[in-house]
Amino acid sequence: MTIRHTITLLLLWILPLGLYAQQDSVERHYKVEDVVVSVHQKAISTPDQTGNISISMDALKSLPHFAGAVDIVRLLQYTPGVAATPEGNTALYVRGGDTGQSRLYVNGAPLFAPSHLLGFFSALNSAHLSGLTLYKSGIPAMYGSATSSVTDIRTHSYIPRRFSIEGNIGLIESDLAIQIPTNERFALFLSARHSYLAVLSKILNLDKATLKYEFGDYGVGMVGDLGRAGRLVVNTHFNNDALRANVNTYNSNGNLKWWNALGTIALESEVSEGVALKNMVYTSHYTNHLGISITNKLFDVTAGVKAYGATSMATIDLNKIDISTGINYEYRRVVPQNIVGPTTTKSPQTLERSSEGAIFAEAKWEALSNLVIDGGVRLSLFANNKTWCYAEPRLMISVPISSRLRFWASYNQLVQYLHLVPQSNMSFATDFYISSSEATPPQLSHNLSLGYNQSALDERLNWTVELYYRQLQNVIEYDSQILEVLSGNADHHTLLYTGKGESYGAEFSLNYSDSHFDLQLNYTLSKSLRQFDQINHGRPFYANSDRRHNLSLLGVWKPSPRWTLSATFIYATGAPYTATVGTYIGANALIPQYGAYNGDRLPDLHHLDLSATLWLKSKHLEDSGINISIYNVYARKNPIMLSWNVYADSQGDIHIEEKYHTIYTIIPSISWTFKF
């Protein structure tokens with residue numbers, strides 16, 4: 001990053017401090033925020049008036065644990081519109097979009113690789129977070145560079161009244177979060193999570209391999225009340241994965257490392273009654289490295305992305321009209337996949353430098369009889385070797401029929417300048433990013449949705465129905481696999497294709513919540529297609545994210561103050577893949593013949609999870625509970641991938657045999673959750 005860029009970022013944040021310092025602070029604003037941060041609702045996930053989803057942090061403790069832990073990002077797969085992914089993958093496929101079309105932000109900074117190896121957990125410690133919102137319909141104008149969805153994850157931003165420690169000790173990992181109020185104006189938030197290596201090796205059951213793997217997540221936050229200057233919120237996050245494997249059978253070994261590091265500094269000030277300002281600077285880094293040795297042949301693959309950004313935003317409350325407007329700038333340094341193999345020579349990595357800026361404005365008008373009209377526009381500009389500029393309008397209208405019945409409609413035009421190139425259907429950190437170019441222009445999407453929400457039984461019963469349609473332009477497809485890439489002869493520039501796509505579907509959600517029960521039923525019927533001139537003879541095919549049916553059930557029962565029983569069930573149509581239909585001999589080698597592109601499907605995915613938590617009485621602990629969970633109760637073997645064994649029989653005829661590969665089946669676990 002150049003000195004000019006650094007100075008620009010600092011000025012965007014520092015200059016307004018002098019203006020804000022002259023204003024009187026309004027203490028009333030911050031007390032309201034303290035109340036908002038604490039989650040008081042019982043529902044596990046709650047849709048708002050536009051179909052977007054908020055997750056209850058408190059409800060996480062009651063849900064079934066996976067290997068002793070529960071994860072907030074994995075829980076999103078149990079919400080309408082989000083497709084269940086194969087085992088070993090926690091990527092978000094929202095309304096038929098690819099995982100690279102969804103952006104995940106932590107306090108406004110992008111997190112580029114949000115999963116640990118094979119999707120066991122996300123890269124976030126839930127105890128360090130205050131809330132999460134998944135935007136898939138009425139996406140606010142402040143968010144950009146995502147054509148499918150935006151997940152806004154927030155850390156704590158209040159000053160606690162007292163010192164507290166909470167954590168969870170499970171079979172694979174343990175986590176801890178500490179809140180330290182140093183005085184009435186400042187507080188520190190510390191969190192850490194780390195894994196147990198031996199237990200994970202047994203779960204993977206690699207009896208012919210020596211496996212060493214560990215992961216960790218670490219967070220440090222600070223909240224300060226600066227009086228007249230406002231409230232300062234600082235947050236840092238770091239996570240890393242390190243895997244080393246030795247497979248004696250094939251005289252092979254390899255190592256895989258990746259890590260994220262991000263930091264944010266935000267100043268929130270109330271200039272006058274109804275006028276608030278927020279200025280923020282942030283940075284986010286992601287790097288991965290894969291090294292493999294197969295029969296003394298070495299392969300080395302590296303990739304990464306670094307982002308430096310600043311956002312300045314003002315919100316104005318004019319009685320029935322709320323206005324938000326601001327600017328955003330992000331400078332990126334992207335290193336696409338650089339491959340060094342036995343037949344290649346070491347060369348300098350390609351470095352893509354780019355800048356993305358935007359001006360945005362949005363107004364939300366609560367008209368007569370609670371009619372809500374929310375309109376906005378985002379004017380985005382992207383520049384590297386070429387410059388693109390797009391206007392991204394957004395509009396949402398919410399019409400109340402009665403106090404318990406509401407309809408809404410929304411439209412979003414979204415543009416994405418940073419592309420994720422997938423190489424696997426698992427969370428394996430071999431995917432890499434590329435910037436927009438003439439060969440891969442910015443992706444565009446037009447998004448329409450129409451929804452309906454109604455409640456009954458004093459709002460204990462709530463149901464939502466939403467229809468959506470999405471049209472995509474300049475989507476990308478990578479016509480290669482990781483093993484082909486490791487040959488050293490593949491060039492990702494020649495294997496990337498751009499095309500178009502569409503997805504549409506219907507989402508259904510039914511929730512019931514009272515003092516003892518919390519029940520949720522979610523179902524999505526959808527279809528997602530892609531079309532490329534270079535693939536499948538130009539004919540449309542199913543997208544990798546296509547799941548015709550998605551069904552999820554979540555239930556929590558509290559028969560007494562000391563017991564919490566819960567269950568989750570998920571079902572999804574199998575993921576599409578391209579099957580081998582035959583083989584022939586050419587150049588003294590067996591050459592496979594493939595069927596229609598993504599013309600076959602893996603077996604359907606489904607599993608049932610059960611959980612029981614006994615809350616212990618203690619004079620010294622605010623919360624203390626023993627959780628016993630069983631993941632995949634009936635030991636369903638959900639495949640993550642398949643391979644083909646080619647063999648010749650006694651007559652010399654060649655046969656192809658499919659073989660499905662799974663990671664795990666039934667996983668019992670026990671963990672201790674505590675807070676004091």
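One-based numbering along the sequence shown.
- Salt-bridge formation is not detected for the pair E184/R161: no Lys NZ or Arg NE/NH1/NH2 atom is positioned less than 4.0 Å from an Asp or Glu carboxylate oxygen.
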>> Is there a side chain to side chain donor-acceptor pair (under 3.5 Å) between H194 and E173? Walk through the geometry before answering.
In response: CA-CA 5 Å; H194 207 78; E173 59 84 35; over 6 Å; no
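- For Y390 and W388, the ring centers sit 6.0 Å or farther from each other.
- Ring geometry, Y158 versus H156: the interplanar angle exceeds 60°, so the pair is classed perpendicular (tilted spans 30 to 60°).
- Under the 4.5 Å side-chain criterion, counting only non-hydrogen atoms from C-beta, E330 is in contact with Y282.
- Within the 4.5 Å cutoff, side-chain heavy atoms of L226 are placed close to those of F186.
- Between I53 and T133, the closest side-chain pair of non-hydrogen atoms is not below 4.5 Å.
- When side chains are defined from C-beta on, I327 does not count as touching Y329, because their heavy atoms never get closer than 4.5 Å.
- Between N235 and H237, the side chains place no donor N or O within less than 3.5 Å of an acceptor N or O (distance only, hydrogens not considered).
- The closest donor-acceptor contact from the side chain of S269 to the backbone of A229 lies under 3.5 Å.
- Side-chain polar atoms of S380 and E392 form a donor-acceptor pair below 3.5 angstrom.
- Checked against a 6.0 Å centroid threshold, the rings of Y105 and Y143 count as neighbours.
- Sorted by first and then second residue, the salt bridge (Lys or Arg N to Asp or Glu O under 4.0 Å) pairs involving residues 135-160 (not counting sequence neighbours) are K136-E507, D152-R154.
- The distance from atom CD of E166 to atom OG of S191, rounded to the nearest 0.5 Å, is 10.0 Å.
- A donor-acceptor pair is defined here as one N or O able to donate and one able to accept, closer than 3.5 Å; no such pair exists between the side chain of N412 and the backbone of L414.
- Ion pairing of K364 with E362 is absent here, as no side-chain N (NZ or NE/NH1/NH2) approaches a carboxylate O to less than 4.0 Å.
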> Under the side chain to side chain contact (heavy atoms under 4.5 Å, CB included) criterion, do T311 and N279 qualify, and how do the steps go?
Replying inline: CA-CA 6 Å; T311 300; N279 286 270; over 6 Å; no
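- With rounding to the nearest 0.5 Å, the separation of CG in N260 from CZ in F112 is 8.5 Å.
- Qualifying side-chain contact (heavy atoms from CB on, under 4.5 Å) partners for S354, counting only residues two or more places apart in sequence or in other chains: R332, F382, N384, S435.
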> So L420 and D98, side chain to side chain contact (heavy atoms under 4.5 Å, CB included) or not? Walk me through it.
Replying inline: CA-CA 9 Å; L420 178 65; D98 300 329; over 6 Å; no
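- Judged purely by atom type and a 3.5 angstrom limit, N107 uses its side chain to pair as donor or acceptor with the backbone of T155.
- Two residues are said to be in side-chain contact when any heavy atoms from C-beta on lie closer than 4.5 Å; T302 and T287 fail this criterion.
- Closest non-hydrogen pair, Y331 versus S355, comes out as CD1-OG, 3.8 Å.
- Of the N and O atoms on the side chains of S149 and S102, at least one donor lies less than 3.5 Å from an acceptor on the other residue.
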> What do the steps show when you test N52 against S137 for side chain to side chain donor-acceptor pair (under 3.5 Å), and what is the final call?
Replying inline: CA-CA 6 Å; N52 297 318; S137 291; 4.6 Å; no
> Do R228 and E270 pass the salt bridge (Lys or Arg N to Asp or Glu O under 4.0 Å) test, and can you show the C-alpha distance, the side-chain angles, and the key distance before you say yes or no?
Replying inline: CA-CA 9 Å; R228 295 180 179 181; E270 189 160 329; over 6 Å; no
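- Between H419 and Q443, the side chains place a donor N or O and an acceptor N or O closer than 3.5 Å (distance only, hydrogens not considered).
- The shortest non-hydrogen separation linking L418 to I434 is CD1-O, 3.5 Å.
- Scanning all heavy atoms of the two residues, the minimum distance from A361 to A141 falls at O-CB, 4.0 Å.
- Between the side chain of N627 and the backbone N or O of S611, no donor-acceptor pair lies under 3.5 Å.
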> Given V82 and L134, is the side chain to side chain contact (heavy atoms under 4.5 Å, CB included) satisfied, shown in steps?
Replying inline: CA-CA 10 Å; V82 181; L134 171 65; 3.6 Å; yes
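- Once rounded to the nearest 0.5 Å, the distance linking CG of L111 with CD1 of I153 reads 7.5 Å.
- Between H285 and F238, the ring center distance fails the sub-6.0 Å criterion.
- Between the CG atom in N239 and the CG atom in L124 there is a gap of 7.5 Å [rounded to 0.5 Å].
- Under the 3.5 Å distance criterion, the side-chain polar atoms of R231 are left unmatched by any main-chain donor or acceptor of L267.
- Residue Q416 comes nearest to S145 through the heavy atom pair CG-O, 3.6 Å, listed as atom of the first residue, atom of the second, then distance.
- The backbone N or O of F360 lies less than 3.5 Å from a partner atom in the side chain of T325, making a donor-acceptor pair.
- Distance alone, capped at 3.5 Å, is enough to place a donor-acceptor pair between the N183 side chain and the R185 backbone.
- A donor-acceptor pair under 3.5 Å is absent between the side-chain atoms of D241 and the main chain of W259, judged by distance alone.
- Contact check on D217 versus R193 returns a salt bridge, with a Lys/Arg side-chain nitrogen under 4.0 Å from an Asp/Glu carboxylate oxygen.
- Rounded to the nearest 0.5 Å, atoms OG (S157) and CG (L232) are 11.5 Å apart.
- For the atom pair S126 OG and D175 CG, the distance stands at 7.5 Å (nearest 0.5 Å).
- Here the shortest heavy-atom pairing between L176 and N125 reads O-ND2, 3.7 Å.
- A donor-acceptor contact shorter than 3.5 Å links the side chain of S284 to the backbone of P110.
- Using modelled atom types, no side-chain atom of S624 and backbone atom of L621 make a donor-acceptor pair closer than 3.5 Å.
- Of all non-hydrogen atoms in A266 and K278, the two that sit nearest each other are CB-CE, 4.0 Å.
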>> Assess the residue pair N240 and W258 against the criterion (side chain to side chain contact (heavy atoms under 4.5 Å, CB included)); give the C-alpha distance rounded to whole Å, side-chain angles, the decisive distance to 0.1 Å, and a yes or no.
In response: CA-CA 6 Å; N240 71 304; W258 73 92; over 6 Å; no
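- By the side-chain contact (heavy atoms from CB on, under 4.5 Å) test, D317 pairs with D322, sequence neighbours left out.
- In this structure the side chain of L262 never reaches within 4.5 angstrom of the side chain of T236, judged on heavy atoms.
- Looking only at side-chain heavy atoms (C-beta outward), F676 and D623 stay at 4.5 Å or farther from each other.
- At a threshold of 4.5 Å between non-hydrogen side-chain atoms, the residues E352 and P336 count as touching.
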